[in-house]
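What follows is a set of notes on a single structure, which appears directly below.
In what follows, chains carry the letters A, B, and so on, assigned in the order in which the sequence lines appear, proteins first and then strands, with residues in each chain numbered from 1.
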There are 2 protein chains.
Amino acid sequence: MSHVERDFAGRIRQKGYRMTPQRQLVLDVLCAHGGHTLANDVITAVQAQSPYLNRATVYRVLEFLCALQLVTRTEIGGQVVYELAEEETHHHLVCRLCGYAAEWDGRALTKLVDHLLAEQDFQAELNHLAISGVCGQCRLGGDP
Amino acid sequence: MSHVERDFAGRIRQKGYRMTPQRQLVLDVLCAHGGHTLANDVITAVQAQSPYLNRATVYRVLEFLCALQLVTRTEIGGQVVYELAEEETHHHLVCRLCGYAAEWDGRALTKLVDHLLAEQDFQAELNHLAISGVCGQCRLGGDP
DNA sequence: GTTCATGCAAAGCGTTTGCACGCAT
DNA sequence: ATGCGTGCAAACGCTTTGCATGAAC
C-alpha cells in the first residue's frame, strides 16, 4: 500500500501546518524503508535523493510528525527508531542475538493490561512495545 | 539492609577482578540512593564524597558492574538508569505524567512469556521491564 | 504579505577513548 | 613486581539551537 493514499498532506494541512517537500520526503523514506528506521538512516536515504536537505531539518520533521502522531518513536536496545504510525496497534519481538524483529499483534497483552488496572491501579500504555528476547532460530543454532 | 552483607568485594575478587575504593563508592551510592539512578546522579553523589573521582571512571565502573551482573542497566523514557541487581526479578510501572515508578512483581507476566514461546517461538526475556502508563492518582487528578 | 519551515553552523549533551601513572594483588 | 584500574583531557556521535533566508499559504 502506498502511503500516498493515506493523505498525509491533508492531515498536516488540516491541523494548520504546511506540507513541504522535506516533510514529504521523510514520509516517503519511512514508507519505502518500512518498519523501524534509525534517524541516521532517514538522513542518509533522504540525502540520497536531495543532498542539500539538512540533518537538523530531518530531526525537526521527525519530531513534528511524532507530535502529529503520523510517526511513532520507539527505543529498542538503546537505539531510537521511527516508524509510520499504523492504524492497528502492533508490537515487536526483538532478538537479542540476531537483531531480527518479528511483528506481533499483542492480543495476549489485553489480559495483562486488565490485570495491571485491576490489581495495581495502573493504566498501562502498551501501544508499541518492543520485547527483548531470543528468537527460535538463534535458540536452536547456539551462537555462531 | 546494608549492601555490605552482600559481599560485593568477595564476588568481584572471586572472578579475578580487584576491589577498589572507586568501585566500593559507586556501590555505596547505588545502595544509598535505592531504585533507579541516573549515571549523572551517581557521578554527583560520588563526587560529593570524593571530588577527584573521575566521571569516566564512574562510567567504566558501572559498565564493569553490569558485566558482573551486580548492577542492572535499564532504559526508561530515554533515560538510562542503573540499579543494584536484586535476587528476585521485579519490574517498574512508570507514570508518564508524574514520573512515579511503582514496583511490581510481574507474576502476571509468566503467562505472557509462555504464550510468546508457544505461539511465536520466541523466548522473551522480561527480567527487568519498565512499563509506561498513567498511575491512579494522575488518572483521577487530571493534569495539574 | 505573513508566517512558518528550512539551511547553516555551532554548540550542547552524555558518553567513550588513549595514554601515562598509580595502586591492589 | 605485575598488570589491572584510574585520572586526565580530548574526542566522539547524536541531537538540538539561534539566526537569517526562503518557501507555503
Inset, instruction - Check whether any side-chain heavy atom of A:Leu68 lies under 4.5 Å from a side-chain heavy atom of A:Tyr17, and answer yes or no. - result: yes

Legend entry - Nearest-0.5 Å distance that lies between atom CG in B:Leu116 and atom CG in A:Leu109: 8.0 Å

Inset, instruction - Taking only the side-chain heavy atoms of B:Arg18 (C-beta and beyond), determine which of C:dA5, D:dC25, D:dC4 contains the nearest atom. - result: D:dC4

Inset, instruction - Grab the CD-P distance between A:Gln79 and D:dT15 for me, whole Å please. - result: 9 Å

Legend entry - Atom-to-atom span, NZ of A:Lys15 to C1' of C:dC4 - whole angstrom: 17 Å

Inset, instruction - Among the candidates C:dT6, D:dT15, D:dC4, find the nucleotide nearest to the side-chain atoms of A:Ala39. - result: D:dT15

Inset, instruction - Using only side-chain N and O atoms of A:Gln22, determine if any of them is under 4.0 Å from OP1 or OP2 of D:dA23. - result: no

Legend entry - Heavy atoms of other groups near B:Glu75 CD, more than 12 under 6.0 Å: yes

Legend entry - Side chains of B:Gln123 and B:Val113 in contact at under 4.5 Å (non-hydrogen atoms): yes

Legend entry - Over 12 foreign heavy atoms within 6.0 Å of CZ, A:Phe64: yes

Inset, instruction - Report which part of the nucleic acid B:Arg23 touches: base, sugar-phosphate, or nothing (heavy-atom distance under 4.0 Å, all strands). - result: sugar-phosphate

Legend entry - Rounded interatomic separation in angstrom, taking CD from B:Gln47 and P from D:dG7: 10 Å

Inset, instruction - Let me know the distance between CD of B:Gln24 and P of C:dC23, rounded to the nearest Å. - result: 18 Å

Legend entry - Along DNA chain D (nearest heavy atom to each residue), the more 5'-positioned of B:Gly16 and B:Ala56: B:Gly16

Inset, instruction - Would you mind telling me which of C:dT15, D:dA24, D:dT6 lies closest to the side-chain atoms of B:Arg55? - result: C:dT15

Legend entry - Selected nucleotide, minimal atom distance to A:Tyr59 side chain, candidates D:dT6, C:dT2, D:dT16: D:dT16

Inset, instruction - Take atom CG of A:Asn54 and atom P of D:dT21, then tell me their distance rounded to the nearest Å. - result: 17 Å

Legend entry - Euclidean distance, atom CD of residue A:Glu63 to atom P of C:dA5 [Å, nearest integer]: 12 Å

Legend entry - Spacing of A:Ile43 atom CD1 relative to C:dT6 atom P, expressed in whole Å: 14 Å

Inset, instruction - Take B:Tyr17 and B:Arg73, find for each the nucleotide of DNA chain C with the closest heavy atom, and name the residue whose nucleotide sits nearer the 5' end. - result: B:Arg73

Legend entry - Neighbour count >12 (heavy atoms, 6.0 Å) for atom CD, B:Glu103: yes

Inset, instruction - Give the angle between the helix axes at the two ends of the helix from C:dG1-D:dC25 to C:dT25-D:dA1, taking five base pairs at each end and rounding to 10°. - result: 40°

Inset, instruction - Keeping the roles fixed (side chain from A:Ser50, backbone from A:Ala48), state whether a donor-acceptor pair exists under 3.5 Å. - result: no

Inset, instruction - Looking only at side-chain atoms of A:Arg60, point me to the closest of D:dT6, D:dA24, D:dT17. - result: D:dT17

Legend entry - A:Thr20 side chain near C:dT6 phosphate (N/O to OP1/OP2, under 4.0 Å): yes

Inset, instruction - Would you mind telling me which residue lines up with the more 5' stretch of DNA chain D, A:Val80 or B:Leu53, judged by nearest nucleotide? - result: B:Leu53

Inset, instruction - Using a heavy-atom cut-off of under 4.0 Å over every strand shown, decide if B:Phe64 touches base, sugar-phosphate, or nothing. - result: nothing

Legend entry - Nearest-Å distance for atom pair CG/C1', residues A:Asn40 and D:dC12: 14 Å

Legend entry - Among A:Ile43, A:Val46, A:Thr20, side-chain contact (heavy atoms from CB on, under 4.5 Å) partner for A:Val26: A:Val46

Inset, instruction - Just call it for B:Arg13: base, sugar-phosphate, or nothing, with non-hydrogen atoms closer than 4.0 Å on any strand. - result: sugar-phosphate

